[in-house]
Every structure is written in C-alpha cells, then in structure tokens.
Amino acid sequence: EHNKHRKKSEVESQDEISDDDEEEQYTFLKSQPKCIKYGTLKPYQIESLNWMIHLMNKGLNGILADEMGLGKTLQSISILAYCYEYLHLQGPHIVIVPKSTLSNWVKEFERWFPAIRVIKFHGKREDREDMKARYFTTAAATADNRRPTRTLPDGSDDNSNNPRQWDVCLTTYEVCNTERKTLEKF
C-alpha cells in the first residue's frame, strides 16, 4: 500500500517469489529519506536501511552489528525516518539505549532527524513521575500514530491536536523495566 506514496526515482518495487511460491512485494530505497538532514547516508548505510525495511515488512527482528564508527545510530534513526516519510507513521517509538549514550542519542536525533519529536525518559523517580503525568497520559496512549495532514508555515507537522507530545521516547533498559506499566501502553 505504501509504495504508491513514493516517487519511482527514489524507490524501486519488485516482485519476489517466496518459499511458498506466493508473490510478495518488497521495498528497496535508492536514496535516503528526505527528512534525514545534515548529511548523506553512505551506500552501505542505505543497504542496511533496506535490510531493516525488509525485516520490518516480514515482522522479523534484527541486530545491527559492525565496527565502531560506521553509523549504527544513524541507520537506526533512518528506519524511523522511513516510517515517518513513506508510511506516514509518526510514532510512538520507544528506543532503548545504554545510559552512557542517552544524551548522545538525543543530539543525533536533533541533528539527523529534526522533524521528529523526541523526549528523554530518564532521571530520578520524582522526575519520571512528572514526565509520566505530562507525556504518558491515557489520551497520549490512544492517539493516532499517523502523521498530521496539516503543516505549519515553517513546513513542520501541525501537532496541535495531537494529545501525544512526543514521537520517540528515548530511555534505558533499567528505566524500561522500572516503568514497564507506563510504557507498555505505548
């Protein structure tokens, strides 16, 4: 369904025969999503993004693992950019990262994907209670995950009617376990 939203120059759609001899569609991006700013993905990062799209379409999990400095953070952000731009899905997304990299992930989202709204869900219990009251309401949990159809004069999405004030929640494994009841709504 989402293939019709893409330009032919950016995405190539092909048929492939599966083990069950049934035809299935798969998506192959030739270039990075336009909402990725600041720089250009390397060819191997585009290939990785396509691999993650393929896994997502099949409902499978995968792990990005390579040497340090090859852009796994950006590749992970890119799959969310794909969902945002091509599938028109805004979130909610929960990204679980090591505590030592939490602040860096916030900066990387701001740099590479400024159109998405990110919150950092971490801190002392009192701080998290305040965040839960503000960001993790029942209305926010039941909000539509589609991007708004209206935009603001600056071209950004008009989220004024969206009860969820975030698209990506960055947190750690420890906080995710501690706040499981809150997060499982999302």
Side-chain angles (χ1 to χ4, degrees), residues 2-14 25-58 60-122 135 145-159 162 164-173 175-176 186:
H2 58 270
N3 284 342
K4 65 184 173 188
H5 298 291
R6 294 186 206 98
K7 295 179 183 174
K8 294 279 187 207
S9 63
E10 296 170 1
V11 177
E12 177 181 296
S13 181
Q14 301 175 351
Q25 284 287 107
Y26 69 93
T27 302
F28 183 81
L29 267 64
K30 292 182 177 181
S31 60
Q32 72 187 39
K34 287 183 178 62
C35 58
I36 293 290
K37 303 296 182 194
Y38 181 71
T40 305
L41 294 173
K42 303 280 187 207
Y44 67 88
Q45 292 172 319
I46 298 279
E47 183 178 342
S48 173
L49 174 57
N50 281 309
W51 175 72
M52 289 187 291
I53 292 167
H54 179 73
L55 290 177
M56 182 181 71
N57 288 339
K58 293 225 173 244
L60 299 172
N61 297 318
I63 296 174
L64 287 176
D66 59 29
E67 296 183 28
M68 288 187 64
L70 294 179
K72 291 178 291 297
T73 303
L74 174 55
Q75 291 170 58
S76 298
I77 291 170
S78 299
I79 189 71
L80 301 183
Y82 164 79
C83 291
Y84 179 86
E85 188 168 311
Y86 295 105
L87 303 181
H88 302 283
L89 298 175
Q90 183 168 335
H93 305 288
I94 298 177
V95 179
I96 303 168
V97 301
K99 182 181 177 184
S100 61
T101 65
L102 195 56
S103 294
N104 186 59
W105 271 85
V106 172
K107 290 176 189 170
E108 294 299 303
F109 267 105
E110 289 170 354
R111 170 193 260 179
W112 293 102
F113 190 10
I116 201 120
R117 301 170 303 158
V118 177
I119 61 167
K120 181 169 73 170
F121 187 46
H122 201 267
Y135 294 116
N145 64 353
R146 307 290 295 166
R147 283 182 61 194
T149 54
R150 294 185 327 209
T151 57
L152 298 172
D154 67 358
S156 63
D157 290 343
D158 180 2
N159 280 294
N162 190 340
R164 192 183 64 247
Q165 299 176 40
W166 56 275
D167 305 317
V168 175
C169 172
L170 284 169
T171 192
T172 63
Y173 179 76
V175 170
C176 202
F186 296 88

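Side-chain atoms are counted along with the backbone in the values below, which use heavy atoms only and exclude waters and symmetry mates. Along the sequence shown, residues carry numbers from 1.
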Evaluate the side-chain contact (heavy atoms from CB on, under 4.5 Å) criterion for residues T172 and H122: first the C-alpha distance (whole Å), next the side-chain angles of each, then the deciding distance (0.1 Å), finally the verdict.
CA-CA 7 Å; T172 63; H122 201 267; 3.5 Å; yes

I'd like to know if the side chain of R146 reaches the main chain of L87, judged simply by a donor and an acceptor atom lying under 3.5 Å from each other, with no hydrogens or angles considered.
yes

With heavy-atom distances below 4.5 Å as the criterion, would you say the side chains of N61 and L55 are in contact?
no

Any side-chain to backbone donor/acceptor pair from D167 onto R117? Under 3.5 Å, distance only.
yes

Give a yes or no on this: more than 12 heavy atoms of other residues, nucleotides or ligands lie within 6.0 Å of atom OH of Y38.
no

Straight-line distance of W112 CH2 to Q32 CD, nearest 0.5 Å
7.5 Å

Could you state the interatomic distance from CD (Q45) to OG1 (T40), rounded to the nearest 0.5 Å?
10.0 Å

Once the angle between the rings of Y84 and F113 is folded into 0 to 90°, is it parallel (under 30°), tilted (30 to 60°) or perpendicular (over 60°)?
perpendicular

Is there a donor-acceptor pair closer than 3.5 Å between any side-chain N or O of N50 and the backbone N or O of L29?
yes

Under 3.5 Å: donor-acceptor pair, side chain of T171, backbone of F121
yes

Between atom CD of E47 and atom CG of L41, what is the distance when rounded to the nearest 0.5 Å?
12.5 Å

Over 12 non-hydrogen atoms of neighbours within 6.0 angstrom of CD in Q165
yes

State whether a side-chain donor-acceptor pair under 3.5 Å links E108 with T73.
no

Least distance between heavy atoms, W166 atom then Y135 atom:
NE1-O, 3.1 Å

On a heavy-atom basis, which atom in P148 and which in Q90 lie closest, and how many Å separate them?
CD-OE1, 2.8 Å

Rounded to the nearest 0.5 Å, how far does CZ of F28 lie from CG of L49?
10.0 Å

Taking C-beta and beyond as the side chain, do W105 and I77 meet within less than 4.5 Å on heavy atoms?
yes

CD1-NZ distance between I46 and K30, expressed to the nearest 0.5 angstrom:
12.5 Å

Output yes when a side-chain donor or acceptor of Q75 lies under 3.5 Å from a complementary backbone atom of S48, and no otherwise.
no

Carboxylate-amine/guanidinium contact K107 E110, below 4.0 Å:
no

Side chain to side chain contact (heavy atoms under 4.5 Å, CB included) partner of L102, chosen from V95, V97, V175
V97

Could you state the interatomic distance from CZ (F109) to CD1 (I119), rounded to the nearest 0.5 Å?
12.0 Å

Contact summary for G91 and N145, nearest pair of heavy atoms
O-CB, 2.6 Å

Is there a donor-acceptor contact under 3.5 Å from the side chain of E85 to the main chain of A81?
no

Using side-chain heavy atoms (C-beta onward) and a distance below 4.5 Å, is M52 in contact with Y82?
no

Considering the options D157, N162, N159, which one meets the side-chain hydrogen bond (donor to acceptor under 3.5 Å, both in side chains) requirement together with R147?
D157

